[in-house]
Number of protein chains: 2
Amino acid sequence: MTRVPDRLERAVERAVSRLTHDGCPPRLQAAVRYAVFPAGNRWRPRLCYAVAQALGDDRPDLTDAAATALELLHCASLVQDDLPAFDDAPERRGRPALHRAFGDATAILVADALIIGAFETVARETAVDPERVRDLTLAITRGVGTPHGAVAGQAWESEAAIDLEQYHRAKTAALFESATAAGAIAAGYDPDPWRTVGSWLGRAYQVADDLADEASIGRGSDAALGRPNAAHHLGVERSAALLDRCITKALEAVPLCPGRAAFQEFVRLIAAKFRRMALPQSAVPEAEERLSAAGGGR
Amino acid sequence: MTRVPDRLERAVERAVSRLTHDGCPPRLQAAVRYAVFPAGNRWRPRLCYAVAQALGDDRPDLTDAAATALELLHCASLVQDDLPAFDDAPERRGRPALHRAFGDATAILVADALIIGAFETVARETAVDPERVRDLTLAITRGVGTPHGAVAGQAWESEAAIDLEQYHRAKTAALFESATAAGAIAAGYDPDPWRTVGSWLGRAYQVADDLADEASIGRGSDAALGRPNAAHHLGVERSAALLDRCITKALEAVPLCPGRAAFQEFVRLIAAKFRRMALPQSAVPEAEERLSAAGGGR
């Protein structure tokens, strides 16, 4: 059986090749590759695979397409987040941010290309199972679009009055929910109980990201950008406890299924990575390193 | 029978309501509406309807979805084109450009919301006819995405060496091709012969737009932005002759079908509008006014 990271990278490479083949403007082609490679942690697609595998993964082509779409959309969101209109980040994963390397115009077009490419990737699998493809597409649009997805989450930062609950849910949890829902749909199962798992993991990720932001000096800090940050309000200890509580909730929410124990093991490994991201100074047992993928970044 | 403009506006309103319902950040909600209403000429969706009706329009829900998706994508492209990273246009359709009214961040997010919403609109109709929905989605991604769609067309402007043939084809013709192809697919017909019709109309539109740009002082001109402009190179008379030749080619390319004559009449009305846009000083017979929709702009 092909290892998940290899399956994912192959599927992502297929999609990117299709988006950038002959006739694509060469600078755009290079910039699309820059946005997607080398791999970051690929949390969302790996979560999608883990759910599908816990449920039998009987349509692997659909799972590949769903995971690829989630990753292309995530990469698009990172390119946009770094733009001057948002965080104006000079760097990402130890290299110049894409807009610094290729210019703002190309960065905006790369995000477009990745978003459109994500939907194309899923639509191509319609013949495999039209109903699942429909549900997959709608699970993904719900996670990334408006009124409640990642785009809405980002938009809350431009509002005069921020709805904190909606903000956190839309900004981060929605795409984790989509990832677990997409894995369940690809494998032919009801996505709703899996949304709860994704939602808790998304909240855990948000807390970890807030903690990392508070601890770091190099990043564009939330405080400087006037953004809500849970760690800033709760303090490090209570935030770390909240992170653990979210993980426990995620573990409890995993539905009964053939691969429940294996999936819970995957959640524990994710949790260890989140903790290390949040609290880099804390000791982390070496066994938990197994989950590590190439590259850093979120 | 409902008139096409009414059908279209109702379908667009349904989609926009879905994208901006309860829980959507209010500023984003207002900005999405600002991008889509009041109606511009709506050329691309009307072309899609005209093709579908020439072929019997046996799945009107699909035609509505296809036309709506095309228009949402077109509106997204206008919002992006006006951004400082591209044309930095202060106005659009006699009002401040969206980024001037709502800020760059919101403008970028509006474009995202519209692109994602376009694919959601089409995916929702999967149950009506999965195969047509798949083909529709892929016809649309081909027209707007990379390597050969509108995103690639825009990207050519950032390249050191521009491939003029690819540039014009991708920047404008691709979305007109998608519009005719989508109409044929929605009605259950082979899209390929209709692509040729769309391609000639797209070229005609590009020539008209270049002529209008040359004639106008108020717009962000191609010359100032260093962009290729056919009218600038050919001169007004030869450009006008080229416009007419493209329309003649489009008319000849219309496949034999029950509604051929009616569709050709629609093309003649479009042609008159393109000519008036290109050569505002020339006399245009009043009968050709019938096609006029509310609002100006492209």
Could you tell me which portion of [X] (side chain, backbone, both or neither) has an atom closer than 4.5 angstrom to a non-hydrogen atom of chain B?
X         : value
Arg142(A) : neither
His148(A) : side chain
Asp135(A) : neither
Pro84(A)  : neither
Gln166(A) : side chain
Ile140(A) : neither

Do you know which of [options] has the most heavy-atom pairs with chain B at a distance under 4.5 angstrom?
options                                    : value
Ala150(A), Ala160(A), Pro147(A)            : Pro147(A)
Leu114(A), Val151(A), Val144(A), Val110(A) : Val151(A)
Gln154(A), Glu125(A), Glu157(A)            : Gln154(A)
Ile108(A), Leu83(A), Val122(A)             : Ile108(A)

Testing the basics here: between [X] and [Y], what is the closest heavy-atom pair and its distance to 0.1 Å?
X         : Y         : value
Ile115(B) : Asp112(A) : CD1-OD1, 3.6 Å
Ala85(A)  : Ala105(B) : O-CB, 3.6 Å
Ala123(A) : Arg134(B) : O-CG, 3.6 Å
Ala155(A) : Pro25(B)  : CB-CG, 4.0 Å
Gln80(A)  : Leu109(B) : OE1-CD2, 4.3 Å
Thr126(A) : Pro130(B) : CG2-O, 3.8 Å

Take atom [atom1] of [X] as the centre, draw a 6.0 Å sphere, and report whether it contains more than 12 heavy atoms from other residues, nucleotides or ligands.
X         : atom1 : answer
Glu131(A) : CD    : no
Arg195(A) : CZ    : yes
Arg169(A) : CZ    : no
Asp22(B)  : CG    : no

Does Thr137(A) reach the side chain of Glu120(B), with side-chain heavy atoms less than 4.5 Å apart? no
Does the pair Phe119(B) and Leu138(A) meet the rule for a side chain to side chain contact (heavy atoms under 4.5 Å, CB included), with working shown? CA-CA 9 Å; Phe119(B) 291 107; Leu138(A) 297 182; over 6 Å; no
Rounded distance [0.5 Å steps], CZ in Arg124(B) versus OG1 in Thr141(A): 7.0 Å
Got a donor-acceptor contact below 3.5 angstrom from the Glu159(A) side chain to the Arg27(B) backbone? yes
Determine whether a donor-acceptor pair (N or O, by modelled atom type, separation under 3.5 Å) exists between the side chain of Thr146(A) and the backbone of Leu19(B). yes
Quick one, Asp104(A) with Phe86(B), criterion side chain to side chain contact (heavy atoms under 4.5 Å, CB included). Give me CA distance, side-chain angles, the key distance, then yes/no. CA-CA 9 Å; Asp104(A) 293 359; Phe86(B) 299 99; over 6 Å; no
Considering only heavy atoms, which portion of Leu73(B) lies under 4.5 Å from any heavy atom of chain A: side chain, backbone, both, or neither? neither
